[in-house]
Each structure stands twice: as structure tokens, then as C-alpha cells.
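All remarks here apply to the structure that follows.
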Amino acid sequence: MKQHPVTAARLTESELDQIRTLIENRSAILLDASRERFFSTRVREHLEEKGLASGSELLTRVRGSSIEYEALLERLLTQETSFFRYPAVFEALEKKILPEVQERKFWENPRTLRIWSAGCSTGEEPYSIAITVQDALKFAEAWEIEILATDVSRRALRHAERGHYSKRSLQEVSLRQVETYFTSTKHGFQVAPRIRRMISFAQMNLVEPVYVGKIDCIFCMNVLMYFSEEHRLAILRRFYDALEPGGYFLLGHSETLSNVPMKFEPIVLGDCRLYRKPGAVEARRAPALVEGAQ
Ligand SMILES: C[S@@+](CC[C@H](N)C(=O)[O-])C[C@H]1O[C@@H](n2cnc3c(N)ncnc32)[C@H](O)[C@@H]1O
């Protein structure tokens with residue numbers, strides 16, 4: 001059996017396989033061959049930090065304690081994110097999605113706007129959404145606004161809830177937005193309470209169905225790529241069901257929806273591809289498949 005000599009701890013291929021299966025079964029996160037190097041390096045780091053002598057010791061701990069399981073899971077998550085990560089997406093939110101919601105719900109009472117950042121990592125995405133809504137929604141105070149921000153990682157959510165960021169991480173936030181929506185602190189910048197209050201943070205594993213109510217727009221950027229086809233489809237089905245008719249679904253820059261059985265209507269807007277759930281009337285005549293939407 002092949003052994004990896006990098007650390008003092010013993011870690012066999014078979015142990016790695018068992019750890020991989022355990023993570024996939026509980027979180028649905030796929031650690032396939034393309035992520036092999038990332039996976040084995042992170043497991044080794046974990047063994048070292050915990051002072052464990054072998055992979056089997058780690059397996060015993062992780063199987064016996066949800067705290068130990070979560071600690072390992074945290075290490076295997078990729079949490080790269082940034083403010084206004086894809087500017088074209090936020091432009092589409094400002095210039096297309098919000099004006100449409102505004103028009104559709106003008107006469108509703110109460111006027112609600114609900115946006116979901118699914119896989120929100122350390123909070124840059126939901127805060128960018130909240131800032132865009134504050135900037136773009138006319139008479140924002142007349143709306144009941146909720147941005148639901150969820151992630152499986154408790155550590156990332158703690159960071160997000162603190163709302164404290166370095167100056168460097170605010171590079172894509174305009175000076176006006178920094179001055180309006182942040183306060184300066186000794187070590188960086190703090191999100192202003194009125195932006196913070198727009199967001200509800202919650203720990204949620206996307207593969208476990210949870211009722212979230214009706215949503216006008218779902219951001220699920222750079223998350224679905226970590227799941228198997230089967231889980232991806234199940235999550236997309238739940239997103240589709242949660243969306244209001246006429247609601248929007250947004251993926252990351254290099255992600256597309258193709259050959260999915262939901263009736264999403266692909267819309268290309270500059271550098272951004274949006275997926276719209278048809279309105280009640282349109283749904284009856286829309287094709288049943290988003291085919292190779294490029
Ligand atoms: C690469 S980050 C993307 C962050 C942000 N959406 C963006 O595009 O900048 C992926 C996020 O998905 C989260 N994630 C991974 N598996 C998840 C699951 N099963 N349920 C919920 N969140 C998950 C990770 O913790 C991580 O924060």
C-alpha cells in the first residue's frame with residue numbers, strides 16, 4: 001500500500017479513501033481525482049495540527065464526534081470570495097433584476113424583496129448584494145428586505161457576521177460606497193449596521209432540504225461545482241421551486257446550466273448569464289429544457 005512520507009503521521013491510500021467517502025456521504029462534497037492533491041495535502045495538514053499519528057486515528061475521532069467532523073470539513077472547504085467578485089453580475093442586479101422586481105411588486109403591500117446568497121463564505125457576496133440593493137432600490141425604506149446568507153461553514157459565517165474586512169479586501173468597493181456603508185476601524189473597515197441588518201446569516205448544508213420560503217433572486221456562485229451531478233440537480237430543483245415566478249438564478253462566471261429539466265430561461269447580459277424562472281403564464285409555453293445554454 002502506498003504511503004505518503006511528507007509528514008510524520010501515517011496516512012495510507014485506504015485511509016484517504018475512507019475519509020473521502022465519509023465527507024462525500026455526509027456533506028455531498030465531491031473530492032474526485034481532480035482535487036486529489038488539494039485533498040491529501042489538507043488532510044495531512046489536519047493530522048499535523050491535531051497531533052495525530054495516523055489516518056485511522058483521525059477516522060476514529062471524526063466518526064465519533066460531530067465537532068471533530070466539522071473541524072475536518074472546514075479544512076476541506078474552498079472559501080475563496082471577494083466583494084463584487086463579478087462586476088457584471090452586480091450590474092445585472094442593479095439594472096435588470098431590481099427594476100423588474102420593483103415594477104412587479106409596486107402595488108404589493110407589504111412590498112418584500114428576498115435574495116438568497118447560497119454558499120456565502122465569509123460574507124463579501126451578501127454584503128455586495130446589500131450595498132447594490134441600497135444603492136439601486138428606489139425608496140428602499142418602503143420595502144421589507146431580507147438577504148438570506150447561508151453556508152455550511154460555521155467559521156466562515158462567524159467571519160461574515162463580524163462584518164470586519166481589511167482595506168485590501170475592499171479594492172472593488174468604490175470610495176463612495178466605502179464612505180457610505182463602512183466605518184473605519186483600527187485594523188480595517190466595519191460594515192455599517194444598516195447594511196448588516198439587511199442580512200440573515202444561517203448555517204445550512206445545501207444538500208439537506210430546508211424550507212426557505214419564496215425568493216426573488218438566488219446567487220449560488222462557485223458552489224455547485226463541488227457536488228455530484230445527482231446532488232447538483234436536486235439542489236437546482238429546490239432553487240427553482242423556491243424562486244418566485246419571474247425570479248432570477250445566478251451562477252459564477254465559468255459555470256453554466258445545460259440540459260437541466262427545469263424551465264430556466266437563459267438571458268445573456270453583457271458579460272453575465274442570468275437564468276430566469278418564467279412567470280406563471282410564460283411557464284406554460286416555455287421549452288422544458290435549458291439546452292447547452294452558452
Ligand atoms: C468558493 S466559495 C464561493 C463563495 C461565493 N459564493 C463566491 O462566489 O464568491 C464556496 C462556498 O461554498 C460553501 N459550501 C461548500 N459546500 C457546501 C454545502 N454542502 N452547503 C453549503 N455551503 C457549502 C463553502 O463553505 C464555501 O464558503
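Both counts, for ligands and for their atoms, begin at 1 and track the order of listing.
- For the pair T81 and ligand 1, the shortest N or O to N or O distance falls below 3.5 Å.
- Between R85 and ligand 1, a contact under 3.5 Å exists for at least one N or O pair.
- Nearest to atom 21 (C) of ligand 1 among the protein's heavy atoms is M204 O, 3.2 Å.
- At a 4.0 Å cut-off, not a single heavy atom of F219 sits close enough to ligand 1 to count as contact.
- Among K105, R276, R104, the single residue meeting the salt bridge (Lys or Arg N to Asp or Glu O under 4.0 Å) criterion with E244 is K105.
- If you number the atoms of ligand 1 from 1 as listed, the ones under 4.0 Å from a heavy atom of S121 come out as 4 (C), 27 (O).
- A salt bridge does not link R44 to E48: none of the charged side-chain nitrogens sits closer than 4.0 Å to a carboxylate oxygen.
- Once rounded to the nearest 0.5 Å, the distance linking CD of E70 with CZ of R154 reads 4.5 Å.
- Nearest protein neighbour of atom 20 (N) of ligand 1, counting heavy atoms only, is L206 N, 2.9 Å.
- Within ligand 1, counting atoms from 1 as listed, the ones closer than 4.0 Å to a heavy atom of M221 are 3 (C), 5 (C), 6 (N), 7 (C), 8 (O).
- In this structure, A28 does not count as a contact residue of ligand 1, since none of its heavy atoms falls inside 4.0 Å of the ligand.
- Across T150, V152, D151, I29, heavy-atom proximity to atom 24 (C) of ligand 1 is greatest for D151.
- Residues passing the salt bridge (charged side-chain N to carboxylate O under 4.0 Å, His left out) test with R168, sequence neighbours excluded: none.
- Between N222 and ligand 1, an N or O atom pair is found at a separation short of 3.5 Å.
- Note: E57 CD to L47 CG = 8.5 Å, rounded to the nearest 0.5 Å.
- Contacts between L77 and ligand 1 below 4.0 angstrom, taking non-hydrogen atoms only, involve the side chain exclusively.
- Each of the following atoms of ligand 1 lies closer than 4.0 Å to a heavy atom of F227: 16 (N), 17 (C), 18 (C), 19 (N).
- Counting protein heavy atoms only, atom 2 (S) of ligand 1 is closest to T78 O, 3.3 Å.
- The shortest N or O to N or O distance between N205 and ligand 1 is under 3.5 Å.
- Remark: D216 CG to R114 CZ distance equals 8.5 Å, nearest 0.5 Å.
- Near S27, meaning under 4.0 Å from any of its heavy atoms, are these atoms of ligand 1: 19 (N).
- Atom 4 (C) of ligand 1 has G119 O, 3.4 Å as its closest protein atom, hydrogens excluded (heavy atom only).
- For R20, the salt bridge (charged side-chain N to carboxylate O under 4.0 Å, His left out) partners at least two apart in sequence or on another chain are D17, E36.
- Checking only distances, E125 does come within under 3.5 Å of ligand 1, N or O to N or O.
- Nearest-residue assignment for atom 12 (O) of ligand 1 (options V223, L157, I235; heavy-atom criterion): V223.
- In summary, the side chains of S153 and E74 do present a donor paired with an acceptor at a separation below 3.5 Å, with no hydrogens or angles considered.
- Ring centroids of Y165 and F182 are separated by 6.0 Å or more, keeping the two rings apart.
- In this model, no donor atom of one side chain and acceptor atom of the other lie less than 3.5 Å apart for Y86 and D271.
- Heavy atoms of V207 stay at 4.0 angstrom or farther from ligand 1.
- Minimum interatomic distance between V223 and L206 (heavy atoms only, all atoms of both residues): CG1-CD1, 3.8 Å.
- A donor-acceptor pair shorter than 3.5 Å cannot be found between the side chains of E15 and S54.
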